[in-house]
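Count residues from 1 along the sequence. Computed from heavy atoms alone, side chains included, the values below leave out hydrogens, waters and symmetry copies. These numbers come from a predicted model, not from an experiment.
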Amino acid sequence: MRSGQTRLAIDYGSADTTAVLAWPDGTWTPLLFDGEPALPSAVLLSEDGTTVTGHHAWRAAPVTPHRFIPHPRQPSEQRLTVADTDVDPLDLVAATLRHVAEQAHQLAGTGIDDVRLVVPAGWGPRRRTWMRHAAHRAGLPPPQVIDAPTAVAGHLLATGLQLPVGAYIAVCDVGATAEVSVLRRGPAGFEVLATLADPTAGGTAIDDALTTTLTTNPSDTGGQRWAMVASLRAGKHALTDHPAVTVPLPDGPAVVLHTGLLDQAAQPVLHRIAHLTTEAITAAELTPRDLTGVYCVGGTARLPLLAQTLTDAGITPTLVDQPTLAAARGAADTGATNTTDPTTTDEPVPPVRRAAAIALPGFASLALVSQFLLTPQWRGSLMYREAILNWGELTMAAVFAVIACLSAGTVLASTIANRTTTPTSPGIHTGTGIVAAACLGVAVSGMYAVVGSLYVGYPVNSFLRWTLLPITPTITAAAVMALIAARQWRTPAGGWSKLLAFPTGSVLTAATGMLLIQYSLTADRWPHLLLWIDLAGRVGGLLLGIGTVMAVVSQPILRLILSAPLAVITAALVSWPASGILGAIYAIAVTTWWLRQMWTHLLRPHRPPQ
């Protein structure tokens with residue numbers, strides 16, 4: 001007898017029930033029923049009123065087929081009529097759970113106070129309460145009810161899978177029926193984003209197809225049919241280790257069941273499973289590329305053809321080790337003492353090249369503000385001189401300063417979240433980093449205005465108007481994003497640093513364009529250089545327009561389509577009076593980029609679990 005509280009986890013399926021016992025030290029053992037880790041959920045009501053469960057029920061089915069119930073798990077409000085007797089399915093489920101409890105007490109040698117029941121993710125409160133009542137009738141203590149995909153995800157973590165916060169996975173649970181769920185790992189656990197079930201896409205449908213193919217009387221629902229189904233189930237399981245097996249048939253000679261015949265019967269069912277998986281991923285508003293992995297569990301998941309069918313549908317599956325026990329093991333927290341790994345609870349570490357890319361908007365900002373201060377045009381006499389300034393260049397210098405600060409703040413916050421040993425959510429670190437970076441960006445922009453005012457000798461009001469006002473919408477969007485990150489409403493795939501990485505191509509193109517524009521406006525007008533100077537300004541306008549489109553649009557084909565007209569417009573606007581308009585256009589594009597990131601990845605309507 002082991003020390004510590006024993007945990008009993010039961011995965012009561014439509015066709016089979018599995019259970020494990022686990023102890024606080026991480027050790028565990030499966031319950032065996034007649035030497036098998038799976039107990040058939042089927043029951044049989046004998047004439048004396050007793051209930052026969054498991055393998056004994058299947059063996060007795062050919063003799064009294066009208067008293068045999070292969071799938072007792074029914075909707076909570078449904079009643080069954082067995083041999084002209086009204087039967088509550090709750091009693092049938094309780095009989096199987098009682099069988100499991102007796103086996104668990106015999107193996108543990110002590111009382112069990114911690115019981116976990118695994119249920120489908122699509123079950124609502126009524127059916128979950130129904131299962132609790134069944135456990136109570138079976139003599140079990142009040143159980144903790146756990147979603148099957150959540151339990152499987154916990155099992156994956158316990159066996160060493162590296163799953164950072166914000167990662168998405170899909171669990172394809174294929175037993176007697178099929179249920180596919182998409183989950184996101186959050187700071188406090190897993191969240192089911194979408195789940196879809198199909199009772200006709202699983203092992204029962206494959207058994208029916210094989211029975212129809214091999215039987216001489218498909219309409220027979222009597223004892224011979226149940227005997228044949230039992231033989232085919234055993235033969236199907238044996239095919240996982242042998243290329244062919246001989247299956248005795250009650251109504252004729254034995255047949256050879258081989259993998260080709262099984263694949264032929266299973267192919268339509270497996271295609272429905274692949275379609276169900278695709279629909280579940282779409283319902284979660286994701287694509288297969290957004291997922292860290294698709295993990296298959298359940299008895300039917302062992303079929304090699306399932307992996308091939310999913311691969312043909314553009315989904316790369318992974319068969320979980322011991323797929324029939326994965327949910328029960330996850331619910332029991334088996335091996336939990338060996339899974340401490342700080343890297344699995346943090347946001348993904350941003351790539352080093354992304355940190356290096358932060359320097360680009362910073363250097364662009366310094367280059368623009370330096371050119372702005374060194375190239376003012378003066379008109380008038382010495383006593384009444386008037387400075388003509390490229391306010392658009394000052395605006396873009398402030399915008400790039402904000403971009404550099406926000407990018408640096410997000411990356412640094414992500415790095416701190418990865419290295420901290422405190423239980424603080426990485427989203428809180430990110431939100432704090434965004435706010436601090438936004439404040440620094442405002443401070444740098446204000447410094448540009450003050451330095452410009454002192455250097456040129458003009459009142460600071462105009463400088464503040466062209467530095468602070470254009471960045472205000474971007475700062476507001478960043479503040480909202482910081483709130484979203486801190487509240488952990490949705491963590492984007494790949495982490496916050498990836499989501500908030502402003503396109504460096506846009507920064508480089510737009511900055512080069514504005515530098516050329518200012519050069520064309522302030523260069524000495526030598527007669528032999530007039531054409532080249534004007535051409536430099538027009539090219540700068542083209543680049544500024546292209547950089548603006550690159551900030552707003554990510555698809556290459558749309559960039560190509562939209563860049564042409566906008567680049568022509570910005571090239572035509574190159575002049576002293578319109579310089580401020582050019583800077584304002586780019587500032588609007590940056591704000592639009594932030595709003596697009598917020599909507600596309602975080603705030604768009606999200607479908608609840610089915």
Does [Y] offer a backbone N or O that forms a donor-acceptor pair with the side chain of [X] under 3.5 Å?
{"X": "Thr309", "Y": "Leu305", "value": "yes"}
{"X": "Asp88", "Y": "Leu90", "value": "yes"}
{"X": "Thr6", "Y": "Trp23", "value": "no"}
{"X": "Gln103", "Y": "Leu31", "value": "no"}
{"X": "Thr204", "Y": "Thr200", "value": "no"}
{"X": "Thr159", "Y": "His155", "value": "yes"}

Worksheet entry | Contacts of type ring pair (Phe, Tyr, Trp, His ring centres under 6.0 Å), residue His99, not counting sequence neighbours | Phe33
Worksheet item: Any Lys/Arg nitrogen of Arg329 or Asp11 sitting under 4.0 Å from an Asp/Glu carboxylate oxygen of the other?
Response: no
For residues [X] and [Y], report the shortest heavy-atom separation together with the two atoms involved.
{"X": "Ile146", "Y": "Arg116", "value": "CD1-CG, 3.8 Å"}
{"X": "Leu45", "Y": "Arg67", "value": "O-CD, 2.8 Å"}
{"X": "Thr324", "Y": "Gly298", "value": "CG2-C, 4.1 Å"}
{"X": "Met131", "Y": "Leu117", "value": "O-CD1, 3.8 Å"}
{"X": "Ala284", "Y": "Leu193", "value": "CB-CB, 4.0 Å"}
{"X": "Pro288", "Y": "Ile315", "value": "CG-CG1, 4.4 Å"}

Worksheet item: Listed by chain and number, what are the salt bridge (Lys or Arg N to Asp or Glu O under 4.0 Å) partners of Arg73, not counting sequence neighbours?
Response: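 Testing Arg73 for salt bridge (Lys or Arg N to Asp or Glu O under 4.0 Å), a comparison that skips the adjacent residues, returns none.
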Discussion item. Test of understanding: with salt bridge (Lys or Arg N to Asp or Glu O under 4.0 Å), list the residues that count as partners of Asp113, not counting sequence neighbours.
Written reply: none
Could you check if a side-chain atom of [X] sits within less than 4.5 angstrom of a side-chain atom of [Y], using non-hydrogen atoms only?
{"X": "Cys172", "Y": "Ile273", "value": "yes"}
{"X": "Ile69", "Y": "Val87", "value": "no"}
{"X": "His56", "Y": "Asp34", "value": "yes"}
{"X": "Ile169", "Y": "Leu156", "value": "yes"}
{"X": "Trp130", "Y": "Pro89", "value": "yes"}
{"X": "Leu157", "Y": "Leu163", "value": "yes"}
{"X": "Arg127", "Y": "Val119", "value": "no"}
{"X": "Thr129", "Y": "Arg132", "value": "yes"}

Fill in: Criterion side-chain contact (heavy atoms from CB on, under 4.5 Å) on Tyr295 and Leu161, from CA distance to verdict
CA-CA 11 Å; Tyr295 301 94; Leu161 178 68; 3.4 Å; yes
Discussion item. side-chain contact (heavy atoms from CB on, under 4.5 Å), that's the test. Do Ile281 and Thr277 meet it? Break it down for me.
Written reply: CA-CA 6 Å; Ile281 296 172; Thr277 304; 4.2 Å; yes
What's the spacing between [X] [atom1] and [Y] [atom2] if we round to 0.5 Å?
{"X": "His271", "Y": "Leu306", "atom1": "NE2", "atom2": "CG", "answer": "11.0 Å"}
{"X": "Leu319", "Y": "Leu310", "atom1": "CG", "atom2": "CG", "answer": "11.0 Å"}
{"X": "Asp207", "Y": "Thr212", "atom1": "CG", "atom2": "OG1", "answer": "10.5 Å"}
{"X": "Thr292", "Y": "Tyr168", "atom1": "OG1", "atom2": "OH", "answer": "10.0 Å"}
{"X": "Leu276", "Y": "Leu270", "atom1": "CG", "atom2": "CG", "answer": "12.0 Å"}
{"X": "Thr150", "Y": "Arg185", "atom1": "OG1", "atom2": "CZ", "answer": "12.5 Å"}

Worksheet entry | Pair Gln308-Asp312, side-chain donor/acceptor within less than 3.5 Å |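 Present: a donor and an acceptor within the cut-off.
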Fill in: Thr211 and Asp208 side chains, donor-acceptor separation under 3.5 Å
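Checked: Asp208/Thr211 side chains show no N/O donor-acceptor pair below 3.5 Å.
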Under the side chain to side chain donor-acceptor pair (under 3.5 Å) rule, collect the residues that match up with [X], sequence neighbours excluded.
{"X": "His136", "answer": "none"}
{"X": "Arg272", "answer": "none"}
{"X": "Thr17", "answer": "Ser41"}

Worksheet item: Going through the checks in order, is the salt bridge (Lys or Arg N to Asp or Glu O under 4.0 Å) test met by Asp91 and Arg98?
Response: CA-CA 10 Å; Asp91 292 328; Arg98 191 178 300 112; over 6 Å; no
Discussion item. Taking CD in Gln264 as the centre, count heavy atoms belonging to other residues, nucleotides or ligands within less than 6.0 Å. Is the count above 12?
Written reply: no
Fill in: His71 atom NE2, neighbour heavy-atom count above 12 within 6.0 Å
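Enclosed: over 12 neighbouring heavy atoms sit under 6.0 Å from NE2 of His71.
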Practice prompt. Assess whether side-chain contact (heavy atoms from CB on, under 4.5 Å) is satisfied between Leu257 and Leu210, documenting all intermediate values.
Written response: CA-CA 9 Å; Leu257 180 62; Leu210 282 174; 4.0 Å; yes
Fill in: From CA spacing to verdict: side-chain contact (heavy atoms from CB on, under 4.5 Å), Trp28, Leu21
CA-CA 5 Å; Trp28 67 281; Leu21 281 175; over 6 Å; no
